[in-house]
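Keep in mind that what you see is a predicted model, and the values were worked out from it rather than measured.
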Amino acid sequence: MNIIKLDATASTNTYLKNLLTTCDLENFTTIVTENQFAGKGQRGSGWVSEAGSNLTFSVLLKSNPRSVQGVFDLNIMVALAVVSALKKIYDLPFFIKWPNDILSCNKKICGILIENILKSQGEVFSIVGIGINGNQKQFPEMSKASSLSLLTGKEINKDELLQAILKELTVGYSTLTNGASGAVDTLWEQYKVHLFRKDVVSAFEIPQGKRFNGIIRDVTRYGKLVVETEEEARVEFALKEVQLLY
């Protein structure tokens, strides 16, 4: 496994994408940095990370999905791999906030951003960016964020955590590429078990600013969130069409 360590870079996702334009990179090439000063988040937001405190890295995963559905299979596999690694090291509860933020004790401790590049022969190069709040102690203007260090009361070994996540990603990748459909079904079942605020009344907001109460009931194989509204109708939302308030 090719791991490239940088002192600083604007974005590990961007660095890895740029590297792909000049190099034939092996699968699971990983870029990790101590200081990511212009990281990317979901919905076009930034990912702010204190230099030297957190684990920020990107991994190249190559695949040949059989359908568009297979792209989101990768998404849930990555989220579950991170949760599995975290649960093996830390005695904390971990949940996945749709689509793939990782929360513990109602606080966000990890963000995942997957950018897909479609190649001419149908192969997909996925740039999997993962940012984990490890040893950061203060989160100004980020009341919903915390770190593993704050939640455990201990300093986090970032190298140990990186290796644990890469190991789980390898297992999950093998399941997607070599496993039978039943194995993928099991991934989906586990994703829903870990889904944050599933089957409880929650507040949501749509882009126009309107808020409503609903209950998360499911996530479709195409990654849409299924919410049961107060009118008992089930509505499907794509990523930028609704926001869960918590």
Review point. Given the rule in the side-chain contact (heavy atoms from CB on, under 4.5 Å) test, do Val78 and Asn100 qualify, once you have shown the distances and angles that lead to the verdict?
Key: CA-CA 8 Å; Val78 171; Asn100 53 16; over 6 Å; no
Practice item. Test Ser149 against Gln136 for side-chain contact (heavy atoms from CB on, under 4.5 Å), laying out the working first. Key: CA-CA 7 Å; Ser149 180; Gln136 189 166 333; over 6 Å; no
Exercise for review: Decide side-chain contact (heavy atoms from CB on, under 4.5 Å) for Tyr90 and Leu151; before the verdict, give the C-alpha distance in whole Å, the side-chain angles of both, and the deciding distance to 0.1 Å.
Suggested key: CA-CA 10 Å; Tyr90 310 109; Leu151 294 177; over 6 Å; no
Practice item. Please assess Asn13 against Glu115 for the test side chain to side chain donor-acceptor pair (under 3.5 Å), listing each intermediate value before the final yes or no. Key: CA-CA 8 Å; Asn13 266 31; Glu115 299 179 274; 2.7 Å; yes
Exercise for review: Quick one: do Ser147 and Lys137 satisfy side chain to side chain donor-acceptor pair (under 3.5 Å)? Show the steps, please.
Suggested key: CA-CA 7 Å; Ser147 69; Lys137 300 298 190 295; 5.9 Å; no
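For residues 141-176, the pairs satisfying ring pair (Phe, Tyr, Trp, His ring centres under 6.0 Å) are Phe28-Tyr173, with sequence neighbours left out. Residues in residues 182-192 take part in these side-chain hydrogen bond (donor to acceptor under 3.5 Å, both in side chains) pairs, two or more places apart or across chains: Asp73-Trp188, Asp185-Arg221, Lys192-Asp218. For the salt bridge (charged side-chain N to carboxylate O under 4.0 Å, His left out) condition, no pair includes a residue of residues 52-65, sequence neighbours left out.
Side-chain contact check for Lys144 versus Lys97: every heavy-atom pair is 4.5 Å or farther apart. Counting only heavy atoms from C-beta outward, the side chains of Met77 and Leu169 approach each other to under 4.5 Å. For the pair Ile109 and Phe94, the minimum side-chain heavy-atom distance is below 4.5 Å. Contact check for Cys110 versus Ile130: side-chain heavy atoms found under the 4.5 Å cut-off. Between Leu161 and Leu86 the shortest side-chain heavy-atom distance falls below 4.5 Å. Annotation: side chain of Phe196 is in contact with side chain of Asn106 (closest heavy-atom distance under 4.5 Å). Between Glu236 and Tyr222 there is no side-chain heavy-atom pair separated by less than 4.5 Å. Within the 4.5 Å cutoff, the side chain of Ile165 has heavy atoms near those of the Phe57 side chain.
Residues passing the side-chain contact (heavy atoms from CB on, under 4.5 Å) test with Lys210 are Ile206, sequence neighbours excluded. Taking Phe204 as the reference, Phe212 meet the ring-ring contact (aromatic ring centres under 6.0 Å, His included) condition, with sequence neighbours excluded. In this structure, the side-chain contact (heavy atoms from CB on, under 4.5 Å) partners of Lys154, at least two apart in sequence or on a different chain, are Thr152. For Thr170, the side-chain hydrogen bond (donor to acceptor under 3.5 Å, both in side chains) test picks out no residue, with sequence neighbours left out. Legend: residues meeting side-chain contact (heavy atoms from CB on, under 4.5 Å) with Asn18, ordered by chain and number and at least two apart, are Thr14. Under the rule for a side-chain contact (heavy atoms from CB on, under 4.5 Å), the partners of Ala51 that lie at least two apart in sequence or sit in another chain are Asn35. Considering only residues two or more places apart in sequence or on other chains, Lys5 meets the side-chain hydrogen bond (donor to acceptor under 3.5 Å, both in side chains) condition with none of them.
In this structure, Ser58 and Thr12 approach most closely via the heavy-atom pair OG-OG1, 2.6 Å. Pairing each heavy atom of Leu92 with each of Ser104, the nearest pair is CB-OG, 3.7 Å. For Asn116 against Ser126, the heavy-atom pair with the smallest separation is OD1-OG, 2.6 Å. Summarising the geometry of Ala203 relative to Leu244, their closest heavy-atom pair is O-CD1, 3.6 Å, with the distance given to 0.1 Å. Among all heavy-atom pairs drawn from Ile89 and Ala164, the shortest one is CD1-CB, 3.7 Å. Closest of all the heavy-atom pairs between Leu55 and Leu162 is CD2-N, 3.8 Å.
Val235 and Val226 fall into different hydrophobic clusters, where Ile, Leu, Val, Met, Phe, Trp and Tyr are joined by side-chain heavy atoms under 4.5 Å apart, directly or via other members. Residues Val227 and Tyr246 are members of one and the same hydrophobic cluster, defined by side-chain heavy-atom contacts under 4.5 angstrom among Ile, Leu, Val, Met, Phe, Trp and Tyr. Hydrophobic clustering, with ILVMFWY side chains joined whenever heavy atoms are under 4.5 angstrom apart, keeps Leu113 apart from Val124. Phe72 and Val193 end up in different hydrophobic clusters when Ile, Leu, Val, Met, Phe, Trp and Tyr side chains are linked at under 4.5 Å.
Clustering of Ile, Leu, Val, Met, Phe, Trp and Tyr side chains at separations under 4.5 Å places Phe125 together with Ile4, Leu6, Tyr15, Leu16, Leu19, Leu20, Leu25, Ile31, Leu60, Ile117, Ile127. In the hydrophobic clustering, where aliphatic and aromatic side chains (Ile, Leu, Val, Met, Phe, Trp, Tyr) are joined below 4.5 Å either directly or transitively, Val201 groups with Ile215.
Between atom NZ of residue Lys88 and atom NZ of residue Lys167 there is a gap of 6.0 Å, rounded to the nearest 0.5 Å. Here the CG atom belonging to Asp24 is positioned 9.0 Å from the OG1 atom belonging to Thr29, to the nearest 0.5 angstrom. Distance check, rounded to the nearest 0.5 Å: CD1 of Ile96 to CD1 of Ile76 gives 8.0 Å. Atom OG in Ser63 sits 8.0 Å away from atom CG in Leu176 (nearest 0.5 Å). The distance from atom CG of Leu74 to atom CG of Leu61, rounded to the nearest 0.5 Å, is 6.0 Å. For the atom pair Asn2 CG and Asn27 CG, the distance stands at 11.5 Å (nearest 0.5 Å).
Ion pair Lys158/Glu34 flagged as a salt bridge, since at least one NZ, NE, NH1 or NH2 atom sits closer than 4.0 Å to an Asp/Glu carboxylate oxygen.
Crowding of Lys107 atom NZ: a count of heavy atoms from other residues, nucleotides or ligands under 6.0 Å exceeding 12. Heavy atoms of other residues, nucleotides or ligands lying less than 6.0 angstrom from CD of Glu232 number 12 at most.
The backbone N or O of Glu155 lies less than 3.5 Å from no partner atom in the side chain of Asn135, so there is not a single donor-acceptor pair. Under the 3.5 Å distance criterion, the side-chain polar atoms of Trp98 are left unmatched by any main-chain donor or acceptor of Lys224. A donor-acceptor pair under 3.5 Å is absent between the side-chain atoms of Glu168 and the main chain of Ala85, judged by distance alone.
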